[in-house]
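The block underneath contains the structure these notes are about, expressed in structure tokens.
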Amino acid sequence: MIVFLIGFMGCGKSYIGRHVAELIGMDYLDMDLEIETRTGKSINQIFEDIGESGFRTLETKFITSLQSNQNIIISTGGGAPCFGNNMELINKKGISIYLNRSKEIAFAQLLKGQAKRPLIKEMTEEELNNFYDKKLNERKIYYEKANFLAGNRDFVAIAKLIKTLQL
Ligand code: S3P
């Protein structure tokens, strides 16, 4: 079973994915890192070289390349479910969990990791604040196609949820 963790930048997809996988003995893969490995470039560099649309093509290629019978937890890039028919692909290949964190939790994380994210790296805190509300509002319709909504559940609770799905 492939378990996709989806949600906005800063919601903890990588942190939760790593810890859940360790707890229940599944493999773990971070989609952005995998794209960086496959291209030999950082996400920032990819955006510079081929723009956002080129990056979105790489995301779709990555999702398409997955085999449904893999036993793995994948944290997706924050925008991945929101382009093309990626969300349909995700739900066809595995099960999806939307980490719909409260803004208080996600925003603090986002501020810390701004530099590695091309879409927000130049923004002031106020601009980022407005961007967060606007983008999340646009993206919600995609995220909410997920099979499960995790709210603010911690990784232990999310691990338990995945365990029940494996039975
Ligand atoms: C993006 C989120 C990033 C990364 C890229 C674009 C987005 O992943 O894929 O910078 O459009 O929301 P994280 O959600 O892991 O930060």
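The model shown is predicted, which means the values in this text are computed figures rather than measured ones.
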Ile43 with Ile6, same ILVMFWY side-chain cluster at under 4.5 Å: yes
Glu138, CD: over 12 other non-hydrogen atoms inside 6.0 angstrom: yes
same_hphob_cluster(Ile72, Phe148) at 4.5 Å side-chain heavy-atom cutoff: no
Asn100 side chain vs Ala150 backbone, donor-acceptor pair below 3.5 Å: yes
Validation row: Phe83, Ser53 side chains within 4.5 angstrom (heavy atoms): no
Co-membership, hydrophobic cluster, residues Met26 and Ile16, 4.5 Å side-chain: yes
For the student: nearest non-hydrogen atoms of Asn147 and Ser96, plus distance: OD1-N, 2.9 Å
Heavy-atom closest pair, residues Lys92 and Ser68: O-OG, 4.5 Å
Non-neighbouring partners of Glu48 that pass salt bridge (Lys or Arg N to Asp or Glu O under 4.0 Å), sequence neighbours left out: none
CZ on Arg101 to CG on Leu136, rounded to 0.5 Å: 13.5 Å
Pairwise distance CG(Leu111) to CG(Leu128) - rounded to 0.5 angstrom: 5.5 Å
Least distance between heavy atoms, Asn86 atom then Ala80 atom: ND2-O, 2.8 Å
Derivation of the side-chain contact (heavy atoms from CB on, under 4.5 Å) call for Met1 and Ile95: CA-CA 8 Å; Met1 177 174 74; Ile95 67 131; 4.3 Å; yes
Hphob cluster co-occupancy, Leu161 + Phe155, side-chain heavy atoms under 4.5 angstrom: yes
Side chain Tyr143, main chain Gly78, donor-acceptor under 3.5 Å: yes
CA sep, side-chain torsions, deciding dist, call: Ile74, Leu66, side-chain contact (heavy atoms from CB on, under 4.5 Å): CA-CA 10 Å; Ile74 296 178; Leu66 294 166; 3.7 Å; yes
Side chain to side chain donor-acceptor pair (under 3.5 Å) contacts touching residues 6-19 (sequence neighbours left out): Ser14-Asp30
Expected output: side-chain Arg38 to main-chain Leu33 donor-acceptor under 3.5 Å: no
Asn91 side-chain N/O to Lys145 backbone N/O, donor-acceptor pair under 3.5 Å: yes
Partner of Phe8 under ring-ring contact (aromatic ring centres under 6.0 Å, His included), chosen from Tyr132, Tyr142, Tyr98, Phe107: Tyr132
Hydrophobic cluster identity match, Leu29 and Val20, side-chain contacts under 4.5 Å: no
Rounded distance [0.5 Å steps], CD1 in Ile2 versus CD1 in Ile90: 10.0 Å
Under 3.5 Å: donor-acceptor pair, side chain of Lys121, backbone of Lys116: no
Gln109 side-chain N/O to Gly12 backbone N/O, donor-acceptor pair under 3.5 Å: no
Distance (rounded to the nearest 0.5 Å) between Ile158 CD1 and Ile73 CD1: 9.5 Å
Neighbour count above 12 (heavy atom, 6.0 Å) for Glu127 CD: yes
From CD (Gln67) to NZ (Lys93), nearest 0.5 Å: 6.5 Å
Identified side chain to side chain contact (heavy atoms under 4.5 Å, CB included) partner of Glu59 from the options Thr76, Thr64, Ile35: Ile35
Student check: side-chain heavy atoms of Arg117 and Leu110 closer than 4.5 Å: yes
Asp27 vs Gln70 side-chain heavy atoms within contact, under 4.5 Å: no
pair Gln45-Thr39: side-chain heavy atoms closer than 4.5 Å: no
Pair Leu23-Lys160, side-chain contact (heavy atoms from CB on, under 4.5 Å): steps then yes or no: CA-CA 10 Å; Leu23 209 59; Lys160 275 190 194 147; over 6 Å; no
Spacing of CG belonging to Asp32 relative to OG1 belonging to Thr37, to within rounding of 0.5 Å: 10.5 Å
Flag, side chain of Asn71 to backbone of Gly25, donor-acceptor distance under 3.5 Å: no
